[in-house]
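Only one structure is covered here, and it is reproduced in the block below.
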Amino acid sequence: GQGVTGWTYSGQGDFSHYTNPYTNSNFYFLQYASQNAASKEMSTVQTPSSGVTVDKTVGKIFFDEERTNVTHSGLEWYSAPMNPNDSRIIANKLNGYLAGTPVRYKYEMLSRSDVTAAFNIEESGVQIASLFVAGIDPGTLAGDPVYNYANRNQGQVDRIPSLTDSRSAVKIVYNANSTVATGYINWLEILYTQQLVGISEALIFTSPDTTAAVQYALSGFSGNKFSVFDITDVLNVKIVPSQADQIAGTYSFRDNLSSGSVKRYWAGTSSAYKTPASFVRIPNTNLRGVTTGPNFIIITPRDFLAEAQRL
């Protein structure tokens with residue numbers, strides 16, 4: 001099953017995260033029929049006989065706290081508000097991080113202030129960047145808060161951090177010399193070099209952007225019944241043949257790649273398979289067969305809700 005958050009490949013080895021502004025859950029509908037049921041079998045990938053060894057991928061983590069809707073309208077949600085000198089620590093485990101390799105930090109911040117504000121960004125106690133956000137004219141601050149509630153700015157920086165047990169601790173400090181300043185974190189992305197090591201008997205990873213026959217080398221698996229699936233297209237999942245290597249817990253598989261895009265894989269043992277917690281039975285529906293319904297639908301801002309309800 002595919003969740004409602006994930007990553008989009010941007011090209012040149014870079015990725016951007018996405019979320020669903022309407023829900024935090026995804027739903028799947030399964031049809032059971034005693035006869036004449038449609039079925040689909042997974043196809044098997046035709047793999048090359050050899051390939052260039054690949055044992056690393058791009059590790060990806062994002063922080064996107066949709067907690068504050070500053071204008072009480074629309075789809076723009078941000079972190080909890082920050083007052084001047086407030087700080088926020090965002091901690092993550094960078095699973096499989098290859099020590100000594102650069103980590104890319106990408107971020108977007110907002111500030112509602114009459115002066116230029118600065119977001120100072122630290123990793124594990126070491127400052128790695130500062131992001132400045134321009135102030136807003138005092139007259140605008142006193143006017144319509146929806147038209148230009150806050151200014152924003154984006155940035156990114158590559159650094160080689162000194163991490164303990166591959167644990168990242170990004171600290172963001174909001175600085176603004178003003179009594180009417182409020183800051184927000186929109187999102188933070190962390191991209192790093194990740195070794196192909198299993199995490200709790202499973203690993204989801206993307207291929208490199210290249211044209212070549214490759215052989216992936218994976219390790220860190222202790223269970224049996226190891227499988228690999230090409231999940232690039234979640235509606236057309238494919239089986240990828242794999243084999244156990246001589247060292248216990250290591251496996252390999254091969255595939256053909258084409259530049260300009262990346263593939264996505266799930267690799268793991270049977271103990272990592274997910275099991276639905278519960279099922280809910282619903283009656284058959286026919287949305288196209290509905291002939292009666294509302295005469296019109298009103299979509300309105302909160303300010304005009306009373307007038308809309310009157311209509």
Side-chain angles (χ1 to χ4, degrees), residues 2 6-17 42-62 92-106 158-161 163 166 168 189-234 236-273:
Q2 178 69 42
W7 295 86
T8 300
Y9 184 57
S10 309
Q12 302 298 318
D14 199 14
F15 294 83
S16 299
H17 82 282
M42 286 187 290
S43 61
T44 301
V45 174
Q46 298 298 315
T47 60
S49 58
S50 61
V52 179
T53 299
V54 175
D55 58 3
K56 296 181 288 293
T57 187
V58 178
K60 302 174 284 291
I61 290 177
F62 73 85
N92 289 284
K93 176 70 178 292
L94 306 189
N95 291 304
Y97 170 59
L98 182 60
T101 58
V103 175
R104 174 164 295 180
Y105 303 86
K106 302 164 65 178
D158 293 352
R159 292 288 186 271
I160 300 178
L163 305 180
S166 300
S168 166
E189 297 176 345
I190 301 177
L191 306 179
Y192 64 97
T193 301
Q194 179 182 6
Q195 303 172 87
L196 297 181
V197 179
I199 305 166
S200 300
E201 296 297 317
L203 184 65
I204 296 177
F205 64 98
T206 50
S207 71
D209 183 355
T210 185
T211 299
V214 297
Q215 175 169 306
Y216 296 98
L218 292 77
S219 61
F221 300 91
S222 59
N224 297 319
K225 297 183 179 180
F226 182 83
S227 301
V228 179
F229 300 94
D230 180 341
I231 58 173
T232 307
D233 180 358
V234 296
N236 187 28
V237 175
K238 301 176 182 178
I239 300 172
V240 185
S242 61
Q243 62 185 24
D245 289 342
Q246 294 181 350
I247 302 176
T250 62
Y251 296 86
S252 64
F253 70 94
R254 305 184 186 100
D255 203 357
N256 289 307
L257 304 179
S258 299
S259 62
S261 62
V262 296
K263 290 186 176 183
R264 191 164 175 254
Y265 303 100
W266 185 96
T269 63
S270 57
S271 62
Y273 291 167

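No experiment lies behind these values; they were computed from the predicted model shown.
Put simply, the side chain of Y97 reaches to within 4.5 Å of the side chain of V103, judged on heavy atoms. Side chains of N95 and Y192 form a contact here, defined as non-hydrogen atoms less than 4.5 Å apart. Two residues are said to be in side-chain contact when any heavy atoms from C-beta on lie closer than 4.5 Å; Q194 and I199 meet this criterion. For the pair E189/S16, a side-chain contact is recorded, criterion being any heavy-atom separation below 4.5 Å from C-beta on. Looking only at side-chain heavy atoms (C-beta outward), T210 and S259 stay at 4.5 Å or farther from each other.
The CG atom of D230 sits 11.0 Å away from the CD1 atom of I239 when rounded to the nearest 0.5 Å. Here the OG1-CD1 distance, from T206 to I231, works out to 10.0 Å after rounding to the nearest 0.5 Å. For the atom pair L163 CG and K93 NZ, the distance stands at 10.5 Å (nearest 0.5 Å). Separation of atoms CZ (F229) and CZ (F253) is listed at 11.5 Å; rounding is to 0.5 Å. Between Q243 atom CD and T250 atom OG1 the span is 10.0 Å, to the nearest 0.5 Å. Between atom NZ of residue K56 and atom CD of residue Q195 there is a gap of 8.0 Å, rounded to the nearest 0.5 Å.
Taking every heavy atom of both residues into account, F62 and G6 meet most closely at CE2-O, 4.5 Å. Counting all heavy atoms, side chain and backbone alike, G260 lies closest to D209 at N-OD1, 2.6 Å. When all heavy atoms are compared, the tightest approach of P241 to V45 is CD-O, 3.6 Å. When all heavy atoms of V234 and Q2 are compared, the closest pair comes out as CG1-OE1, 3.2 Å. Nearest heavy atom pair, residue A213 against residue S50, reads CB-O, 3.5 Å. For A267 against V228, the heavy-atom pair with the smallest separation is CB-CG2, 4.0 Å.
R264 is linked by a salt bridge (Lys or Arg N to Asp or Glu O under 4.0 Å) to nothing, counting only residues two or more places apart in sequence or in another chain. Judged as a salt bridge (Lys or Arg N to Asp or Glu O under 4.0 Å), and not counting sequence neighbours, the contacts of D14 are K106. With sequence neighbours left out, D158 forms a salt bridge (Lys or Arg N to Asp or Glu O under 4.0 Å) with R104. Residues forming a side-chain hydrogen bond (donor to acceptor under 3.5 Å, both in side chains) with S252 (at least two apart in sequence, or on another chain): D245. Not counting sequence neighbours, T53 has no partner by the side-chain hydrogen bond (donor to acceptor under 3.5 Å, both in side chains) test. Shown here are the ring-ring contact (aromatic ring centres under 6.0 Å, His included) partners of Y9, two or more places apart in sequence or in another chain: F15.
Using a 30° and 60° split on the angle between ring planes, W7 and H17 fall in the perpendicular class, above 60°. Using cut-offs of 30° and 60° for the angle between ring planes, the F226 and Y251 rings count as parallel.
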Show the numbers, then the answer: is there a side chain to side chain contact (heavy atoms under 4.5 Å, CB included) between Y216 and S207?
-> CA-CA 9 Å; Y216 296 98; S207 71; 3.0 Å; yes
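The environment of Q46 atom CD is sparse: at most 12 non-hydrogen atoms of other residues, nucleotides or ligands sit within 6.0 angstrom.
Judged purely by atom type and a 3.5 angstrom limit, E201 has no side-chain atom pairing as donor or acceptor with the backbone of S270. In this structure, S168 contributes its side chain and N92 its backbone to no donor-acceptor pair below 3.5 Å.
K263 pairs with exactly one of N256, D255, T232 by the side chain to side chain donor-acceptor pair (under 3.5 Å) rule, that one being D255.
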